> 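I am attaching a structure below and will ask some questions about it afterwards.
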Amino acid sequence: MEDAQAWRAWNAWRYVLHAVAEIAPEVLEDLARLVPLYQEARPHMRGPYWSAFDWEGLEEAVKILAEGPEEPLTKLRSLREGLLSWGRRWNLAHPEPLSFAMHNLGWWAQAPELAGRYVSNPSPPVDFFSPPPFRPPEPPLPIYGSENSNWAKVEQKLREACEAWLQEYRSRYEEWALSLRELQKHARWWVAHRVKRWSLRTLSKRAKLEGLVDKEGRVLVEAASPSAIAKAIANLEKELGIAPA
């Protein structure tokens, strides 16, 4: 269950972070200013008891080094504080976007021409569910001339076995599947409201004014009633694993 929750949360954040790159590129441009901090911290990201290449690892490294050498602690702590400041500035101070930020800083440090562009968002290490085994029934076969065996009874038992298998498969599927079916639209609303801090009443109008349209000229942030947008944002935040703001 924990693996399924981690996967759903990451998948929901994936939509949000794509929406950030799409309609709020200033967020990634702001993040790119931390490349020098990342470069200074990079030599200290791996040690005998830590590996600080994502947010969780960075947090752990800072704790471990609290009593350790001053230089590694200073460099890693500076990167941590820089990332937290960035996250708070854009309402993205959550482990998923902070890990996303670290992965992209790593790419940008190696390829400066990519700085400020969405490059990487590695998925969490999870054990994916496997399909449940199908357990066929053992109906009496008419090979011995049994008077109680006929195809109608065999077919009925097979259908019951298939239905039981489908229900078990669906149960496992629903643990991993995101419940929202319009995530792209909802993610754009979330970014426009939470990250860009636009009013629910003006999201689509503001997007149009900023020229956020697709190749066909459609506004990327769709129009809807404030109540519908608020409900979508609240539901998305449940998938993201954050408390509603």
Side-chain angles (χ1 to χ4, degrees), residues 4-33 55 83 85-104 107-108 114-124 126 170 173-245:
Q5 290 175 337
W7 180 258
R8 287 202 312 271
W10 170 81
N11 214 357
W13 276 110
R14 182 170 61 90
Y15 278 87
V16 166
L17 294 168
H18 272 292
V20 167
E22 189 179 40
I23 69 172
E26 64 272 19
V27 175
L28 298 186
E29 292 167 5
D30 185 38
L31 177 63
R33 298 188 179 97
W55 178 252
L83 284 165
S85 295
W86 170 82
R88 289 166 181 155
R89 190 155 51 248
W90 300 106
N91 203 20
L92 294 171
H94 183 279
E96 286 290 347
L98 291 172
S99 284
F100 162 84
M102 287 195 66
H103 286 297
N104 283 271
W107 279 102
W108 299 344
L114 299 177
R117 292 166 55 186
Y118 186 122
V119 178
S120 174
N121 186 25
S123 61
V126 296
R170 180 170 185 172
Y173 168 85
E174 293 294 347
E175 287 184 13
W176 291 78
L178 289 166
S179 61
L180 306 176
R181 301 305 178 210
E182 295 182 289
L183 268 167
Q184 186 179 51
K185 177 169 69 176
H186 296 175
R188 287 170 177 165
W189 282 342
W190 192 92
V191 171
H193 184 56
R194 297 293 192 217
V195 175
K196 297 176 83 71
R197 292 180 169 80
W198 292 348
S199 165
L200 292 178
R201 297 182 179 279
T202 62
L203 297 188
S204 188
K205 292 180 181 178
R206 292 286 299 271
K208 186 176 182 179
L209 288 173
E210 286 205 4
L212 299 175
V213 297
D214 63 16
K215 293 180 180 179
E216 285 72 39
R218 292 173 298 207
V219 181
L220 291 175
V221 182
E222 293 186 28
S225 68
S227 60
I229 296 174
K231 182 178 180 180
I233 286 175
N235 289 334
L236 177 56
E237 286 177 336
K238 292 177 183 178
E239 294 285 12
L240 294 173
I242 60 177

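Keep in mind the model is a prediction, meaning the values are calculated, not measured.
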> Using side-chain heavy atoms (C-beta onward) and a distance below 4.5 Å, is Tyr15 in contact with Glu239?
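Contact flag for Tyr15/Glu239 side chains = no.
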> Is the shortest side-chain heavy-atom distance between Phe100 and Leu28 below 4.5 Å?
yes
> Which residues satisfy the ring pair (Phe, Tyr, Trp, His ring centres under 6.0 Å) test with Trp13, sequence neighbours excluded?
His94, Trp190
> With Lys185, which residues qualify under side-chain contact (heavy atoms from CB on, under 4.5 Å), at least two apart?
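Counting only residues at least two positions away or on another chain, Lys185 forms a side-chain contact (heavy atoms from CB on, under 4.5 Å) with Glu182, Trp189, Glu222.
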> If every non-hydrogen atom of Val195 is compared with every non-hydrogen atom of Ala24, which pair is closest and at what distance?
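Heavy atoms of Val195 and Ala24 come nearest at CG1-CB, 4.4 Å.
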> So do Val27 and Val191 actually touch side chain to side chain, heavy atoms under 4.5 Å?
no
> For residues 225-232, run the donor-acceptor check on the side chains, cut-off 3.5 Å, and write out each pair with its distance to 0.1 Å, sequence neighbours left out.
unit_1: Ser225; atom_1: OG; unit_2: Ser227; atom_2: OG; d: 3.2
unit_1: Ser225; atom_1: OG; unit_2: Ala228; atom_2: N; d: 3.2

> Side chains of Leu31 and Trp108, heavy atoms from C-beta outward: is any pair under 4.5 Å?
yes
> For Asp214 and Leu220: C-alpha separation, side-chain torsions, deciding distance, then whether side-chain contact (heavy atoms from CB on, under 4.5 Å) applies.
CA-CA 6 Å; Asp214 63 16; Leu220 291 175; 4.0 Å; yes
> How far apart are the closest heavy atoms of Ala101 and Leu83, and which atoms are they?
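In terms of heavy atoms, the two residues are closest at CB-CD2, 3.7 Å.
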> Identify, with sequence neighbours excluded, every residue that meets side-chain contact (heavy atoms from CB on, under 4.5 Å) alongside Arg89.
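side-chain contact (heavy atoms from CB on, under 4.5 Å) list for Arg89, sorted by chain: Asp30, Ser85, Trp86.
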> Measure across Ala32 and Ala115 and return the closest heavy-atom pair with its distance rounded to 0.1 Å.
CB-CB, 4.3 Å
> Is the side chain of Ser99 donor-acceptor paired with the backbone N or O of Trp55 at a distance under 3.5 Å, no angle test?
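Yes, because the side chain of Ser99 sits within donor-acceptor range (under 3.5 Å) of the backbone of Trp55.
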> Can you list everything that forms a side-chain hydrogen bond (donor to acceptor under 3.5 Å, both in side chains) with Glu26? Sequence neighbours excluded, please.
Lys196
> Could you give the distance from CG (Leu240) to CZ (Arg194), rounded to the nearest 0.5 Å?
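The CZ atom of Arg194 is 10.5 Å from CG of Leu240, to the nearest 0.5 Å.
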> Who passes salt bridge (charged side-chain N to carboxylate O under 4.0 Å, His left out) against Glu29, sequence neighbours left out?
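By the salt bridge (charged side-chain N to carboxylate O under 4.0 Å, His left out) rule, Glu29 matches no residue at all.
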> What verdict does the side-chain contact (heavy atoms from CB on, under 4.5 Å) test give for Asn235 and His186, after you've listed the backbone C-alpha separation in whole Å, the side-chain angles of each residue and the deciding distance to 0.1 Å?
CA-CA 9 Å; Asn235 289 334; His186 296 175; 6.0 Å; no
> Anything under 3.5 Å between a donor and an acceptor, one on a side chain of residues 199-206, the other on a protein residue two or more places apart or in another chain? List them.
unit_1: Ser199; atom_1: OG; unit_2: Arg201; atom_2: N; d: 3.2
unit_1: Thr202; atom_1: OG1; unit_2: Ser199; atom_2: O; d: 3.3
unit_1: Ser204; atom_1: OG; unit_2: Val221; atom_2: O; d: 3.0

> Checking Arg14 now: which residues fulfil salt bridge (charged side-chain N to carboxylate O under 4.0 Å, His left out) with it, not counting sequence neighbours?
none
> Before giving the answer on side-chain contact (heavy atoms from CB on, under 4.5 Å), spell out for Val16 and Leu236 the whole-Å C-alpha distance, their side-chain angles and the decisive distance to 0.1 Å.
CA-CA 9 Å; Val16 166; Leu236 177 56; 4.1 Å; yes
> Checking side-chain contact (heavy atoms from CB on, under 4.5 Å) for the pair Val219/Leu212: CA distance, chi angles, key distance, verdict?
CA-CA 6 Å; Val219 181; Leu212 299 175; 5.6 Å; no
> Under the salt bridge (charged side-chain N to carboxylate O under 4.0 Å, His left out) rule, collect the residues that match up with Arg197, sequence neighbours excluded.
none
